[in-house]
Amino acid sequence: MKKMIALVDCNNFYASCERLFQPRLQNRPIVVLSNNDGCVIARSDEAKELGIEMGAPSFLIESLLQQHNVSVFSSNYTLYGDLSDRVMTTLSQFADQLEVYSIDEAFLNLTAFRHHHLTDYAHTIRNTVMQHIGIPVSIGIAPSKTLAKIANRLVKKRNKQLGVYCIDSMEKMQFALQNTPVKDIWGIGSQYTKLLTRNGFITAWDVARAPEEWIRKNLSVVGQRMYNELKGTACIAFEDMPPKKKMVCVARGFGKVLSEKHEVMEALANFTAMVAVKLRSEQLAATTIQIFVQTNAHRNNDPQYYRSLTISLPEATNSTNELIRHARQGLETIYRPGYNYHKTGCTAMELVSAEKVQYNIFDTENRARNSQLMKVVDLVNRSFGKDAVRFALQGFSTRWKLRQLNLSPCYTTRIDEVLTIKI
DNA sequence: TCTGGGGTCCTAGGACCC
DNA sequence: TCTGGGGTCCTAGGACCC
């Protein structure tokens, strides 16, 4: 039997999350900004209609925002993550197989359901999510993930009120492909769009009729998979279980450029500490770390510098002080004076299970003690707010910190920020 | 003086996703 | 003043080995 896969996608997810707690923003333009309040990463429909582009730098559209009284939010991932969990929990009741694809999207395997009932079923899913959580979703259904993505996009472009599009016949498939420009195919980014356009491809329908060898040669095996999916053959596996993480990275631009080594070090120490917390929360340990420093490529008059360094650790670890120590040594190697630094980051790689490390670690008393220490640090920081306990190199400066001028409360995850209603 | 080729591992870079 | 951050996968090319 042909597979049938649904892609459920939350509409304007971050904007919808913010609106959920401020009903007066219903039908009002909303934008959510990236870290550092740098650029637009989510827009409500009303904001889209004003011509605000995805990724637009906020300082360039300031007057437009003011002029139309747009509500502006700094991104609040704690809030979005929590609401995402709730949406996913609700969705999981509707299929045996659920793949959480991103914070606002999930694939559901609906193969087992009667095909002619799928559209009705999708409406039930949609209404339930709306009723339970209040987030609007769109649902595309098709025999492959790539086609489900295409169906989902068509819902948003042409059928937003309906909320569901199901590709269950050759006619609908042809219609969907002919109405999808190549740049909107899942797996085709800006570079492949250029390549395809140069070669005369306009829509997904054109791509689906190309010779397979040409696709393989020019778009590699990934493109070949996409090609077969467009023709209705599911080639991308359904990932029931979340795959193991291969890396954990924290990297950020600074609130302002920094030119002192100790300031960059302070930022790097804090990001490295965040990596360590992530590792511990997932019971992982890093065998190598990679650090980098970088200037701001947008400052044309500044001399530019980028350098990264991969450091092999003597033993896999997830302890904050150990990771910071290696990061500091690394920075000594790659730091050059005389530049305006804008960004730094730390990536943990070659991750292994933390328990396995501890097993062969008991030979050195320090490590065992260290891991006890980390448990206490995590506990204290969870209870008294993150960063209650810090390591010396993390410092107290705020110069590297993000700008977040319009941060909304963590309505659902911090008891002191819970919404109060006056009656 | 003539001067191979196949396999494997690693890394950097490029493509993509949300 | 101000242009995101966190991921994955694939390929090409160099080093090395036999």
Side-chain angles (χ1 to χ4, degrees), chain A residues 7 9-10 12-14 31-42 52-63 65 72-77 80-81 84 99-107 145-146 149 152-153 182-196 216-226 236-237 239 242-258 271 274-275 278 282 288 290 292 294-302 306-310 312 340 342-351 399 402-406:
Chain A
L7 174 67
D9 188 321
C10 300
N12 314 328
F13 183 53
Y14 298 167
V31 300
V32 179
L33 301 179
S34 64
N35 270 328
N36 247 342
D37 290 347
C39 59
V40 174
I41 56 169
I52 298 170
E53 295 292 324
M54 189 68 171
S58 53
F59 75 98
L60 286 181
I61 56 169
E62 223 158 79
S63 63
L65 295 175
V72 178
F73 293 91
S74 304
S75 34
N76 182 345
Y77 290 104
Y80 312 149
S84 171
E99 176 184 338
V100 177
Y101 177 67
S102 75
I103 194 164
D104 69 335
E105 281 171 77
F107 290 107
K145 284 184 173 179
T146 307
K149 276 271 191 186
N152 194 293
R153 174 183 166 278
V182 289
K183 74 167 173 48
D184 290 326
I185 304 171
W186 190 43
I188 302 297
S190 60
Q191 295 310 302
Y192 286 162
T193 297
K194 277 187 212 154
L195 176 83
L196 288 169
R216 172 68 184 88
K217 183 160 166 282
N218 291 278
L219 276 65
S220 92
V221 298
V222 182
Q224 189 179 21
R225 218 151 36 214
M226 173 274 298
I236 300 175
E239 312 265 0
K244 284 213 178 92
K245 273 222 172 105
K246 298 184 173 157
M247 55 194 268
V248 167
C249 166
V250 174
R252 251 156 249 166
F254 312 135
K256 13 179 113 90
V257 292
L258 305 177
F271 300 159
M274 289 156 81
V275 167
K278 278 197 201 180
E282 307 200 25
T288 62
Q290 186 173 62
F292 75 90
Q294 151 181 356
T295 51
N296 187 345
H298 293 286
R299 288 168 65 120
N300 295 328
N301 297 326
D302 277 10
Y306 168 87
R307 190 144 167 224
S308 74
L309 179 69
T310 307
S312 306
N340 290 320
H342 166 249
K343 191 172 181 179
T344 185
C346 174
T347 306
M349 298 182 305
E350 295 181 76
L351 308 182
R399 294 202 65 213
L402 302 172
R403 264 186 320 279
Q404 292 187 315
L405 297 178
N406 304 292

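Here is the naming used below: chain letters follow the sequence lines, and residue numbers restart at 1 for every chain. Hydrogens, waters and symmetry mates are skipped; everything else that's a heavy atom, side chains included, is used. Remember, predicted model here, so these are calculated numbers, not experimental data.
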Roughly, in whole Å, what's the span from [atom1] in [X] to [atom2] in [N]?
X	N	atom1	atom2	answer
A/Asn301	C/dT1	CG	P	11 Å
A/Asn218	B/dG14	CG	C1'	15 Å
A/Asp302	C/dT3	CG	C1'	15 Å
A/Met349	B/dA12	CE	C1'	12 Å
A/Lys246	C/dC10	NZ	P	9 Å
A/Ile41	C/dG7	CD1	P	15 Å
A/Ile103	C/dG6	CD1	P	13 Å
A/Glu239	C/dG7	CD	P	17 Å

Contact class for [X] (heavy atom, under 4.0 Å): base, sugar-phosphate, or nothing?
X	result
A/Thr347	nothing
A/Asp37	nothing
A/Lys256	nothing
A/Arg307	nothing
A/Ile188	sugar-phosphate
A/Lys343	sugar-phosphate
A/Leu195	nothing
A/Glu105	sugar-phosphate

Parallel, tilted or perpendicular: ring planes of A/Trp186 versus A/Tyr101, cut at 30 and 60 degrees: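 Correct class here is perpendicular.
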Parallel, tilted or perpendicular, as decided by the 30° and 60° cut-offs, for the rings of A/Tyr14 and A/Tyr80: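 The rings of A/Tyr80 and A/Tyr14 lie parallel, inter-plane angle below 30°.
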Side chain of [X]: nearest nucleotide among [options]?
X	options	result
A/Gln191	C/dG5, B/dA15, C/dC10	B/dA15
A/Lys245	C/dG7, B/dC16, C/dT11	C/dG7
A/Cys249	B/dA15, C/dG5, C/dG6	C/dG6
A/Pro57	C/dT3, B/dC16, C/dG5	C/dT3
A/Ser34	C/dG6, C/dG4, C/dC2	C/dG4
A/Arg299	C/dT1, C/dG5, B/dC17	C/dT1
A/Trp186	C/dC10, C/dG6, B/dC18	B/dC18
A/Tyr101	B/dC18, C/dT11, C/dC9	B/dC18
A/Met247	B/dC18, C/dG7, B/dC16	C/dG7

Inter-nucleotide C1' distance (C/dG4, B/dC17), Å rounded: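 The answer is 15 Å between these two C1' atoms.
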Examine [N]: is either OP1 or OP2 under 4.0 Å from a nitrogen or oxygen in the side chain of [X]? Give yes or no.
X	N	answer
A/Lys244	C/dT8	no
A/His342	C/dT3	yes
A/Arg225	B/dC16	no

Steps toward side-chain contact (heavy atoms from CB on, under 4.5 Å) verdict (A/Asp9, A/Asp104): CA-CA 6 Å; A/Asp9 188 321; A/Asp104 69 335; 3.6 Å; yes
Close side-chain approach of A/Asp302 and A/Thr295, heavy atoms under 4.5 Å: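 When only atoms from C-beta onward are counted, A/Thr295 and A/Asp302 do not touch, as no gap falls below 4.5 Å.
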Heavy-atom side-chain contact between A/Val72 and A/Asp37 under 4.5 Å: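 Contact flag for A/Val72/A/Asp37 side chains = no.
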Partner nucleotide of C/dC18 by Watson-Crick or wobble geometry (both distances under 3.5 Å):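 Its partner is B/dG5 (Watson-Crick or G-U wobble, both distances under 3.5 Å).
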DNA chain C: 5'-proximal contact among A/Val257 and A/Val221 (nearest heavy atom):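 Here A/Val257 is the residue nearer the 5' end.
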Closest-nucleotide ordering on DNA chain C, the 5'-leading residue of A/Lys278 and A/Val222: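 Going by which nucleotide is closer to the 5' end, it is A/Lys278.
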Candidate pair A/Lys145 and A/Glu99, rule side-chain contact (heavy atoms from CB on, under 4.5 Å), full reasoning: CA-CA 11 Å; A/Lys145 284 184 173 179; A/Glu99 176 184 338; 2.6 Å; yes
Chi angles and distances behind the side-chain contact (heavy atoms from CB on, under 4.5 Å) call for A/Ser312, A/Thr288: CA-CA 4 Å; A/Ser312 306; A/Thr288 62; 4.0 Å; yes
